[in-house]
Number of protein chains: 4
Amino acid sequence: MVTTTGQVGRPRSEQARDAVLHAVDDLLLEVGYAAMTMKGIAERAGVGRQTVYRWWSHKAEILLEASVADAQEELAVPPTGSALNDLTAYLQALVTFLTRSPAGVAYRALIAAAQHDTAVATLIATSDVLGASSRAVLTRMTGEGTHVGDLDRASALLVGPVFYWVMSGRDPLRLQAADLAQEFLRAVAVDQG
Amino acid sequence: MVTTTGQVGRPRSEQARDAVLHAVDDLLLEVGYAAMTMKGIAERAGVGRQTVYRWWSHKAEILLEASVADAQEELAVPPTGSALNDLTAYLQALVTFLTRSPAGVAYRALIAAAQHDTAVATLIATSDVLGASSRAVLTRMTGEGTHVGDLDRASALLVGPVFYWVMSGRDPLRLQAADLAQEFLRAVAVDQG
Amino acid sequence: MVTTTGQVGRPRSEQARDAVLHAVDDLLLEVGYAAMTMKGIAERAGVGRQTVYRWWSHKAEILLEASVADAQEELAVPPTGSALNDLTAYLQALVTFLTRSPAGVAYRALIAAAQHDTAVATLIATSDVLGASSRAVLTRMTGEGTHVGDLDRASALLVGPVFYWVMSGRDPLRLQAADLAQEFLRAVAVDQG
Amino acid sequence: MVTTTGQVGRPRSEQARDAVLHAVDDLLLEVGYAAMTMKGIAERAGVGRQTVYRWWSHKAEILLEASVADAQEELAVPPTGSALNDLTAYLQALVTFLTRSPAGVAYRALIAAAQHDTAVATLIATSDVLGASSRAVLTRMTGEGTHVGDLDRASALLVGPVFYWVMSGRDPLRLQAADLAQEFLRAVAVDQG
DNA sequence: GGCTAATCGAGACGGTACGTCACGTCTTACT
DNA sequence: AGTAAGACGTGACGTACCGTCTCGATTAGCC
């Protein structure tokens, strides 16, 4: 019997893929999202332009592939046993992610691009790192007895203030994670028995 | 006596200015922010390219000048006498502004551009429509006896959830302005005597 | 054994090259040298602007490439066996070339451009059609027994009067090739034994 | 009684006229003819642009007005009593004029512009400095007994070689004025009794 | 070991926007 | 009416990147 893999011709080069993802990571920090071009990515990666276009259609797509894993890791906070402490830790991680992390810079760039590009909007909806990470914390709280009502709305209530604060360019130092966590708990407190 | 007006040379054409601002308004809705070019604006306005560059350095700058007035008007809510009603009305206006209004589309485009353009970030900091309008509501509440603590943090707490919800492409229909207003009041309740 | 062709990337399009050269030929006659622009050439040729700049740096360079072959052909006169007849034929061809031929119009434009553009001056020095063609006639004369001394000075003596006459806008009809040829022979007669 | 000159309104400013002519002189040497612009001339002269356009239509026209006087002076050679010496002196002056003099640079620029601008061609025909100066020398020779036949053709025979030599960018040092003068006399010798 | 086929790099292709410059005209206030 | 100043609409400049295309070279599975 013949083992047919259906794969004919030269296989995709993993080396080229990695080179492109690393090039995007580097370029985002060096020149920023707007100045990052498909041409520049290909040249930086030492890769043909066609090769980039063959596997990704937008620079947003490459950026997403290059940063989601990092983002998820950075936004995962270990359980402390206390809802307030969990929330505070999460909000602190969120602030750090959005303002300091390369993956956070990528995330903000993608959110920005999504405002005038439906394709990007669809793309980031499929890997909603802020929503997923916040829901993870809230779900754990629920499991431990602290209920928050509708998960999506609670997620927005938790993430929104920080998100807005950072996106509108305010100084992140004035954000007080512990206070925000407490206010959040007060806001959703009535939703539970 | 010498009457020196200080006005030398041909004065700026108000007609050209208006034409550019209207062209930007139109183009934003027709082709979107990304596809809107300085060249396109000039041609649409029937104006020389240099004339555009003479008075504005970015398309963001034009867009801001073309939309702030509208934005401010749309986000001003009349006092109802009740804090809860005021907040609810404001949040409803905010949702409508961000999701339906042309000025809101412009605002989202500007926030997006600000993520990778320091010049735009500086620009929108000088005419912070969401911050100003929300602070107006909160200040009025304070005058009527409902205190909210630090105005900027309260503003972020109020605006943030809606802002995040809309910017990350979620369905605005699921947002419930009245519930959000109540949760907000509960969150900040302790800050006051 | 490795067969390295040294050819990397897509090869230059001969079609584009021809289109540009023809466009320049056409435009020179239609709008003249001064009104001929790089943009116009590209559009007329149905070619990208970058493609023109990739292979030529000035319109003069294109014009030269487009006209030298024609110029050389038009200024080559068949031997008649008589020095006087050869010179007369050459001078007649020269007048026709400078006043009637498209290649002559190109040549005059290039000489003009060379007056305020060192790059063009260097360029036309490398393909000096008037000098080369006149020296060809004079060399042939020398081979047939009529010596003219220094070839370059004799060339200037032969070509100069016609060149000056035409370039300063005088009526070419008053130029009498046969008389000029005779005067030339008289002028250089002593230089030989 | 009122002295009516027919002149109404502010008279033309001689100061502005001089400033423009000097600016053109300076700019020609500093940046060359091609890079010399009407805008640049006006700014250098400290004069309004409209003022320049009011009195001259081309930069060639200004250049002509600014340099003809100098050109005529530089090409006028004093009589020596000998035809050969007169011709030699004239040819030497001509070489110096065309290769070293600012007025000569202006003249070459104008001849160049005339090749693709009929207006300039007409203009320089009205003040033909090379023709006039050479005819002056030849006329004086005729008066002293050395006939040269048709004045215009003799002028071209005399001026042409030098003109061609310089315009085609050859090294002027190899031109030998005395030899050229002798060859010229030999060429035209038969035209006279 | 040759064949087929998809990928790789390189780089030219036709487009189009960039931001700047000069054009020649105009509209001010001043002389 | 002439002047300096300077904004106006127009359009070319040379550059950059777009996404596509055509090369030769490479690398796999299949016969």
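Below, chains carry the letters A, B, ... as their sequence lines are ordered, and counting in each starts from 1. The figures here come from the full heavy-atom set of this structure, side chains too, leaving out hydrogens, waters and symmetry mates.
- The line from CG of A:L63 to CE of A:M36 is 5.0 Å long, rounded to the nearest 0.5 Å.
- Closest-nucleotide positions on DNA chain E for A:R17 and D:K59 were compared, and the one nearer the 5' end corresponds to A:R17.
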B:E43 vs B:R49, test: salt bridge (Lys or Arg N to Asp or Glu O under 4.0 Å). Steps then yes/no. CA-CA 8 Å; B:E43 282 169 1; B:R49 210 117 77 82; over 6 Å; no

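- For the pair B:W56 CH2 and E:dG19 P, the interatomic distance rounds to 15 Å; values are reported in whole Å.
- Here F:dA16 presents its C1' atom at 12 Å from CZ of C:R54, a figure rounded to the nearest Å.
- Geometrically, A:R12 engages A:W55 in a cation-pi contact, judged by NZ or CZ lying under 6.0 Å from the ring centre and within 45° of the ring axis.
- Across all strands, C:G40 comes closer than 4.0 Å to no nucleic acid atom at all (heavy-atom distances).
- Rounded to whole Å, atom P of E:dT7 lies 13 Å from atom CD of A:E14.
- When the P atom of F:dT26 is taken as reference, atom CD of A:Q15 falls 14 Å away, rounded to whole Å.
- If you measure from atom CD of C:E43 to atom C1' of F:dA12, you get 10 Å, rounded to the nearest angstrom.
- Within 6.0 Å of CD in B:Q15 there are 12 or fewer heavy atoms belonging to other residues, nucleotides or ligands.
- Along DNA chain E, the nucleotide nearest to C:A45 and the one nearest to A:R12 differ in position, and the one closer to the 5' end is contacted by A:R12.
- Checked by atom type and distance alone, the side chain of A:K59 never pairs as donor or acceptor with a backbone atom of A:V24 at under 3.5 Å.
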Taking N or O atoms only and anything under 3.5 Å, show me the protein contacts with nucleotides 19-21 of chain F, one pair per line.
unit_1	atom_1	unit_2	atom_2	d
F:dG19	OP2	A:Y53	OH	2.7
F:dG19	N7	A:R49	NH2	2.8
F:dG19	O6	A:R49	NH1	3.4
F:dG19	O6	A:R49	NH2	3.3
F:dC21	O2	C:R10	NH1	3.2
F:dC21	N4	A:Q50	NE2	2.5

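- An OP1 or OP2 oxygen of E:dC8 is reached within less than 4.0 angstrom by a side-chain nitrogen or oxygen of A:T51.
- A donor-acceptor distance shorter than 3.5 angstrom exists from the side chain of A:Q115 to the backbone of B:M167, with no hydrogens or angles considered.
- Taking the nucleotide of DNA chain F with the nearest heavy atom to each of A:P11 and C:K39, the more 5' of the two is matched to C:K39.
- One finds a side-chain N or O of C:W55 lying less than 4.0 angstrom from the OP1 or OP2 phosphate oxygen of E:dC13.
- When the P atom of E:dT28 is taken as reference, atom CD of B:Q7 falls 9 Å away, rounded to whole Å.
- In this structure, D:H58 atom NE2 and E:dC23 atom C1' are separated by 13 Å, rounded to whole Å.
- Put simply, the side chain of A:T51 never gets that close to the backbone of A:V47: no donor and acceptor are under 3.5 Å apart.
- The nearest whole Å value for the distance from the CE atom in D:M36 to the C1' atom in E:dC23 is 15 Å.
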